[in-house]
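Written out below as structure tokens is the structure these notes cover.
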Amino acid sequence: MTQDRAVEATLPEPPEAARKVFGERLGDAVRYAELLADIGVGRGLIGPREVPRLWERHLLNCAVLSEVVPEEVTVCDVGSGAGLPGIPLALVRPDLRITLLEPLLRRINFLGEVVELLGLEDQVSLVRGRAEEVLPTFTPVHVVTARAVAPLDRLAGWGVPLLRPYGEMLAIKGETAEEELKAARGALAKLGMVRSSVLHAGVGVVDPPSTVVRVEVGESPGGVRFAAKRAKAARRGGSSRRPRR
């Protein structure tokens, strides 16, 4: 059996919801799913048992995040891994400029191949490293995204300092999102959080909808510790205005 036939035998056809969500980019979404099911599995980026549920559990679950991301903003996908949610988000939102932040070389190599094959070079950039390592030279963004890469308080410690003033972190979480947010509120407040909420994206499109924790920050993302760094970034030409919704 050829490699392509193996992919066809294990990867389901895109569901009707995928046609609705990805629209004219459905072909690219299918190609991305094929890459995940083929070299993604071969390189250990996803488990083989995830292939039958790639559409519902992974691609669509991430793509509907687009419903809660403001228009025409910069985004950093922290701990992007195999490109989730960054790649699906790029496919459905060409107005966004997205950075995929990932420390592992084999994942960065895979992401580079995906970006090239899908023609996303003008929209998506790659940065190899951990959030705390790249912070001194990283240009702050409006939105940080992440998908269950760590407990919320730890995730915010990585992602919130990468934000511009009045930015927000959007973390795709599971059924315990409300409890996790409640437990992390003290830590989030120290990082400059001014508001937080739990949202549901993809209602009526995907089942179940994606649960998203939104953490909004004020003038000092990361808290007092990062205030001076944010002021320096603003002097380089960044705006402190709240992104459009």
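Nothing here was measured: the structure is a model prediction, and the numbers come from that model.
- With values rounded to the nearest 0.5 angstrom, Asn61 atom CG is found 8.5 Å from Thr211 atom OG1.
- Pairing each heavy atom of Leu96 with each of Pro70, the nearest pair is CD2-O, 3.6 Å.
- Under the 4.5 Å side-chain criterion, counting only non-hydrogen atoms from C-beta, Leu170 is in contact with Leu65.
- At distances below 3.5 Å, at least one donor-acceptor pair connects side-chain atoms of Gln123 with backbone N or O atoms of Arg93.
- Between the side chains of His58 and Arg147, at least one donor-acceptor pair of N or O atoms lies under 3.5 Å.
- Between the side chain of Thr99 and the backbone N or O of Leu126, no donor-acceptor pair lies under 3.5 Å.
- Looking at Val21, Val30, Leu60 one by one, the single match for side chain to side chain contact (heavy atoms under 4.5 Å, CB included) with Pro14 turns out to be Val30.
- Atom SG of Cys62 and atom CG of Asp77 lie 8.0 Å apart (nearest 0.5 Å).
- Trp158 CH2 to Leu191 CG: the interatomic distance, rounded to the nearest 0.5 Å, is 13.0 Å.
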> Step by step, would you call Leu100 with Ile87 a side-chain contact (heavy atoms from CB on, under 4.5 Å)?
Replying inline: CA-CA 9 Å; Leu100 307 180; Ile87 295 296; 3.8 Å; yes
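- Contact between Ile108 and Val127 at its shortest, heavy atoms only, is CD1-O, 3.8 Å.
- Checking Arg107, Arg130, Arg128 one by one against Glu102, the salt bridge (Lys or Arg N to Asp or Glu O under 4.0 Å) holds for a single residue, Arg107.
- Atom CD of Glu121 sits in a crowded spot, with more than 12 heavy atoms from other residues, nucleotides or ligands closer than 6.0 Å.
- Follow the hydrophobic side-chain contacts under 4.5 Å out from Val124 and you never reach Leu104; the two are in separate clusters.
- By the side-chain hydrogen bond (donor to acceptor under 3.5 Å, both in side chains) test, Ser66 is found to be paired with no residue, residues two or more places apart in sequence or in another chain being considered.
- Glu67 contributes a side-chain N or O that, together with a main-chain N or O of Gly202, makes up a donor-acceptor pair within less than 3.5 Å.
- Considering only heavy atoms from C-beta on, Leu181 comes within 4.5 Å of Val213 through its side chain.
- Around CD of Glu13, the count of heavy atoms belonging to other residues, nucleotides or ligands within 6.0 Å does not exceed 12.
- Between Cys76 and Phe138, the closest side-chain pair of non-hydrogen atoms falls below 4.5 Å.
- For Glu34 and Arg31, the salt-bridge test passes: some basic side-chain N is under 4.0 Å from an acidic carboxylate O.
- No donor-acceptor pair closer than 3.5 Å links the side chain of Arg49 to the backbone N or O of Ile46.
- The side-chain heavy atoms of Val215 and Glu168, taken from C-beta on, include no pair separated by under 4.5 Å.
- The closest side-chain heavy-atom distance from Tyr166 to Val194 is not below 4.5 Å.
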> Does the pair Val68 and Arg214 meet the rule for a side-chain contact (heavy atoms from CB on, under 4.5 Å), with working shown?
Replying inline: CA-CA 9 Å; Val68 296; Arg214 170 182 273 161; 3.9 Å; yes
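- Across Leu188 and Ala156, no two heavy atoms sit closer than the pair CD2-CB, 3.3 Å.
- The salt bridge (charged side-chain N to carboxylate O under 4.0 Å, His left out) test applied to Arg43 returns Glu113, not counting sequence neighbours.
- With sequence neighbours left out, the salt bridge (charged side-chain N to carboxylate O under 4.0 Å, His left out) criterion links Glu50 to Arg53, Arg57.
- The two residues Ser196 and Arg185 come nearest to each other via the heavy atoms OG-NE, 3.4 Å.
- Checked by atom type and distance alone, the side chain of Trp55 pairs as donor or acceptor with a backbone atom of Pro12 at under 3.5 Å.
- Under the 4.5 Å side-chain criterion, counting only non-hydrogen atoms from C-beta, Leu101 is in contact with Leu162.
- Counting heavy atoms from C-beta outward, Leu155 and Pro151 have side chains that stay 4.5 Å or more apart.
- Residue Ser125 holds its OG atom at 10.0 Å from CZ of Arg97, rounded to the nearest 0.5 Å.
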> When you look at Leu45 and Leu36, which way does the side-chain contact (heavy atoms from CB on, under 4.5 Å) test go after all the steps?
Replying inline: CA-CA 8 Å; Leu45 303 183; Leu36 288 172; 5.8 Å; no
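- Looking at every heavy atom in both residues, Val206 comes nearest to Ala201 through CG2-O, 4.2 Å.
- Distance check: Met169 CE to Glu216 CD gives 11.5 Å after rounding to the nearest 0.5 Å.
- By the 4.5 Å heavy-atom criterion applied to side chains, His200 and Val203 are counted as neighbours.
- To the nearest 0.5 angstrom, Tyr32 atom OH is 6.0 Å from Leu59 atom CG.
- The nearest pair of heavy atoms linking Ala90 to Leu120 is CB-CD1, 4.3 Å.
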